[in-house]
Amino acid sequence: MERNVIAKKSTFTGDVSSEGDFRIDGVLEGTLKTKGRVIIGAEGIIKGNVEAENADIEGKFSGQLLVSNMLTIKNTAHISGDVVIGKLSIEPGATFNATCAMKGALKELNATNETKKRKDKTA
């Protein structure tokens with residue numbers, strides 16, 4: 001897969017869709033959808049919605065972030081908005097002011113509760 005780049009001192013407004021990875025070192029305002037990895041560089045900013053397989057964030061993100069696998073948040077990152085992820089890694093020093101939901105966690109919690117209910121029932 002190819003890597004797409006929004007370079008420093010560049011601003012892009014609109015919707016972007018790609019099969020490959022995406023690196024943001026400038027500013028993106030809009031929606032970004034990719035089956036690859038999204039990397040927000042230390043000076044990168046995204047305001048909007050992002051859907052990706054994996055994401056590494058060093059810069060700023062504001063909006064809705066859907067990461068089906070792994071979200072890695074570096075110590076220089078500033079995140080705000082709504083986040084839905086598969087797995088999460090946050091370095092100390094990062095700013096994370098978002099609502100966060102982990103996919104699969106609800107299913108696991110429900111399965112645990114169902115098992116407990118079955119054990120509580122007596123014949």
Side-chain angles (χ1 to χ4, degrees):
M1 287 189 281
E2 297 295 320
R3 177 179 282 181
N4 302 287
V5 177
I6 294 180
K8 291 180 183 177
K9 298 184 181 178
S10 297
T11 301
F12 187 89
T13 303
D15 298 336
V16 181
S17 181
S18 175
E19 295 285 322
D21 295 346
F22 232 99
R23 180 170 179 97
I24 311 294
D25 288 313
V27 179
L28 171 65
E29 294 183 16
T31 300
L32 171 60
K33 293 182 182 181
T34 180
K35 293 182 181 176
R37 175 181 302 274
V38 172
I39 301 167
I40 302 175
E43 297 180 29
I45 300 171
I46 294 181
K47 297 177 185 175
N49 301 322
V50 172
E51 290 183 34
E53 180 75 21
N54 295 292
D56 296 334
I57 301 178
E58 296 178 58
K60 297 180 181 178
F61 176 84
S62 177
Q64 184 177 33
L65 180 60
L66 303 172
V67 179
S68 58
N69 193 18
M70 180 68 149
L71 171 61
T72 303
I73 301 173
K74 305 294 185 179
N75 62 351
T76 56
H78 295 276
I79 311 279
S80 63
D82 298 317
V83 178
V84 178
I85 44 132
K87 297 177 186 173
L88 177 63
S89 172
I90 303 178
E91 290 183 358
T95 303
F96 188 75
N97 293 319
T99 59
C100 182
M102 293 186 84
K103 289 191 214 172
L106 185 59
K107 290 180 183 177
E108 291 171 18
L109 182 60
N110 286 339
T112 302
N113 287 341
E114 287 298 319
T115 304
K116 185 177 177 183
K117 286 179 185 176
R118 288 186 200 131
K119 286 182 182 178
D120 290 343
K121 292 182 180 179
T122 56

Cluster link L32 to V27, ILVMFWY, side chain under 4.5 Å: no
Donor-acceptor pairs are to be reported for all side-chain atoms of residues 39-55 against protein atoms at under 3.5 Å, with residues two or more places apart or in another chain.
unit_1 : atom_1 : unit_2 : atom_2 : d
E53    : OE1    : S68    : OG     : 3.2
N54    : OD1    : N69    : ND2    : 3.2
N54    : OD1    : M70    : N      : 3.1

Distance-only check: which donor-acceptor pairs under 3.5 Å involve side-chain atoms of residues 86-98, not counting sequence neighbours?
unit_1 : atom_1 : unit_2 : atom_2 : d
E91    : OE1    : N75    : N      : 3.0
T95    : OG1    : H78    : ND1    : 3.2

From L65, T72, I24, residue fulfilling side chain to side chain contact (heavy atoms under 4.5 Å, CB included) relative to I57: L65
Under the side-chain hydrogen bond (donor to acceptor under 3.5 Å, both in side chains) test, residues paired with S18 that sit two or more places apart: N4
Residues that S17 engages under side-chain hydrogen bond (donor to acceptor under 3.5 Å, both in side chains), provided they are two or more places apart: none
Interatomic spacing from CG in D56 to CZ in R37 - rounded to 0.5 Å: 4.5 Å
Separation between OG1 of T31 and CG of L28, rounded to the nearest 0.5 Å: 8.0 Å
Set of side chain to side chain contact (heavy atoms under 4.5 Å, CB included) partners for T13, sequence neighbours left out: T11, E29
Those residues that, when tested against T76, pass side chain to side chain contact (heavy atoms under 4.5 Å, CB included) (two or more places apart): E58, K74
Residues R23 and D21 bridged, charged N to O under 4.0 Å: no
Other cluster members, L66 - Ile/Leu/Val/Met/Phe/Trp/Tyr, side-chain contacts below 4.5 Å: V84
